[in-house]
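Here is the structure we will look at, set down as structure tokens.
What you see is a predicted model, and the numbers here were worked out from it, not measured in a lab. Because only heavy atoms are used, hydrogens play no part in the values below, and waters and symmetry mates are left out as well, while side chains stay in.
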Amino acid sequence: MIHNMIPGTEEQLEKEMTSAYCGFDPTADSLHVGSLVPILLLMHLQRHGHRPIALVGGATGMIGDPTGKSQERNLLDIQTLNLYVDGIRSQLERFLDFDESKPNAALLVNNYNWMKDFTFLDFARNVGKHITVNYMMAKDSVKKRLSADSAVGMSFTEFTYQLMQAYDFLYLYKNLNVKLQFGGSDQWGNITTGTELIRRTVQGEAFAFTCPLTTKADGNKFGKSEGGENIWLDKNRTSPYKFYQFWMNQSDEDSEKYIKIYTFLTQNEISELIEKHKAEPHLRQLQKRLAKEVTEMVHGREELENAVKASEVLFGKSTADDLKSLNAATFLAVFEGVPQANISVSDLETGINIVDALTDHSGFLSSKGEARRDLKANSISVNKEKVSEDYTISKSNLISEKYILLQKGKKNYFILIAE
């Protein structure tokens, strides 16, 4: 998890309890799996007795970090920004211990609080004069955007981002004794500008390290589903089932790499798991353990168990009881995109013959003749249980008091929704 490090960083961490921070830009009301590495690094720090500080960039988020971007980010208004900051704060509290009675209690800070009253003139005098334009332009994030290949260029707003991030480090160094900043490898330039500003303004010594950016073996970007959607840490944006499946769907090569990064398993546990997986790759033990560890860490044991049950419903051997035990959100996530039809609760109270349910009430099958043939062929299931022509659907079939799952063969599904 280490890409680059300022000399002396390791010695500093061994010497004393060190306050270290990492920044999160509030570009949405939730973080996504791309933010998990810095979160894990904060967790590692706290587990080893150091003090983790998460900086939510309420001020820098109003500008947008040019690093890795080919064009300028849309600027956010203060109301939206506050909404995003609150969302991120509530997520970070799930991973870090904020108990103030502990000497290394985690702390969450928002740079808007110390930037909002900082006038431009003061910033130019007290910060800008210490870092030369030559120094700033030598950074890769700036060089790429100012090169002849860039059709967009860089606004002054974005150019100042590097100085603002550097000032955050100086402010935290002076006010909270923060001696270490870390982030992704693309942040190296911004972070080291902070250590340089500390050296030039208060003759202090600060440290930095970066972690490699997570990549996939096939060259595609990590952190997105096969459909190109972000995998979010908020279960309302990405359901725990989908989150679990994201990790289950990783290749053997990627799973071997990710289990070393995204879990707290020991080296021995990981080595044994890799050997077992290589001996029986069809069992997908690496993917299962990776998905279990990360889903439980992000969403908790109950949501993990729901996700595992849901996976078995769709891909394994499961019973009607397993299906009925799913909550509504997980059920809908599993059967996303499956055709649906509404059905009245009063009809269910009376009872609906399966042939009518498959045709008149749903349109799942085109005719009653087809329905009877499929029922005789034993290819129709209600909530994963095979049924015959004399079967009656009733309220007792409802999953989460709302849904009934019809199925033809192995892969054709239809959902009845009680209203």
Salt-bridge test for [X] and [Y]: reply yes if a basic N is under 4.0 Å from a carboxylate O, no otherwise.
X    : Y    : value
K276 : E280 : no
K242 : E336 : yes
E312 : K309 : no
K235 : E303 : yes
E11  : K15  : no
D122 : R125 : no
D29  : R237 : yes

message: Set out, in order, the CA-CA distance, both residues' side-chain angles and the distance that settles side chain to side chain donor-acceptor pair (under 3.5 Å) for Y171 and N113, then state yes or no.
response: CA-CA 11 Å; Y171 179 90; N113 293 332; over 6 Å; no

Check whether any side-chain heavy atom of [X] sits under 4.5 Å from a side-chain heavy atom of [Y], and report yes or no.
X    : Y    : value
S30  : Q91  : yes
M137 : F159 : yes
M297 : M43  : yes
L233 : H32  : no
L107 : E100 : no
L13  : F207 : no
I6   : T192 : yes
I354 : V382 : yes

message: One pair to check against salt bridge (Lys or Arg N to Asp or Glu O under 4.0 Å): E93 and R89. What are the steps and the verdict?
response: CA-CA 6 Å; E93 285 170 351; R89 179 185 287 113; 5.3 Å; no

Look at atom [atom1] of [X] and say whether more than 12 heavy atoms of other residues, nucleotides or ligands are closer to it than 6.0 Å.
X    : atom1 : result
Q203 : CD    : yes
K386 : NZ    : yes
E253 : CD    : no
E10  : CD    : no
Q79  : CD    : no

If you compare all heavy atoms of [X] against all heavy atoms of [Y], which two are closest, and at what distance to 0.1 Å?
X    : Y    : value
V202 : K174 : CG1-CD, 4.2 Å
L40  : M1   : CB-CE, 4.3 Å
Y241 : A310 : CD1-CB, 3.5 Å
A106 : L96  : CB-CB, 3.7 Å
G57  : P26  : O-CD, 3.1 Å
S185 : T210 : CA-CB, 3.7 Å

Check the angle between the aromatic planes of [X] and [Y] and answer parallel, tilted or perpendicular using the 30° and 60° thresholds.
X    : Y    : result
Y258 : Y262 : perpendicular
H299 : F243 : perpendicular
F156 : F120 : perpendicular

Is there a donor-acceptor pair closer than 3.5 Å between any side-chain N or O of [X] and the backbone N or O of [Y]?
X    : Y    : value
N104 : Q46  : yes
R199 : E205 : no
S400 : K402 : no

- request: Could you please spell out the steps behind the side-chain contact (heavy atoms from CB on, under 4.5 Å) verdict for V56 and D25?
  value: CA-CA 6 Å; V56 182; D25 264 352; over 6 Å; no

task: Verify whether the ring centers belonging to F169 and Y21 lie closer than 6.0 Å.
output: yes

message: Counting the benzene-type ring for Trp, do H44 and F264 have ring centres under 6.0 Å apart?
response: yes

- request: List the steps, then state whether side chain to side chain donor-acceptor pair (under 3.5 Å) holds for Q181 with Q165.
  value: CA-CA 11 Å; Q181 183 187 173; Q165 185 170 333; 3.1 Å; yes

- request: Walk me through it: do N111 and L55 pass the test side-chain contact (heavy atoms from CB on, under 4.5 Å)?
  value: CA-CA 7 Å; N111 61 9; L55 182 147; 3.7 Å; yes

- prompt: Checking side-chain contact (heavy atoms from CB on, under 4.5 Å) for the pair K408/L358: CA distance, chi angles, key distance, verdict?
  reply: CA-CA 10 Å; K408 175 182 174 178; L358 291 166; over 6 Å; no

query: Can you list the steps and then say if Y167 with F118 is a ring pair (Phe, Tyr, Trp, His ring centres under 6.0 Å)?
result: CA-CA 11 Å; Y167 180 72; F118 205 168; 5.0 Å; yes

query: Run the side chain to side chain donor-acceptor pair (under 3.5 Å) check on Q267 and K260 step by step: do they pass?
result: CA-CA 8 Å; Q267 250 182 322; K260 297 170 185 174; over 6 Å; no

task: With side chain to side chain donor-acceptor pair (under 3.5 Å) as the test, would you mind laying out the steps for Y403 and N397 before giving the verdict?
output: CA-CA 8 Å; Y403 308 105; N397 294 112; over 6 Å; no

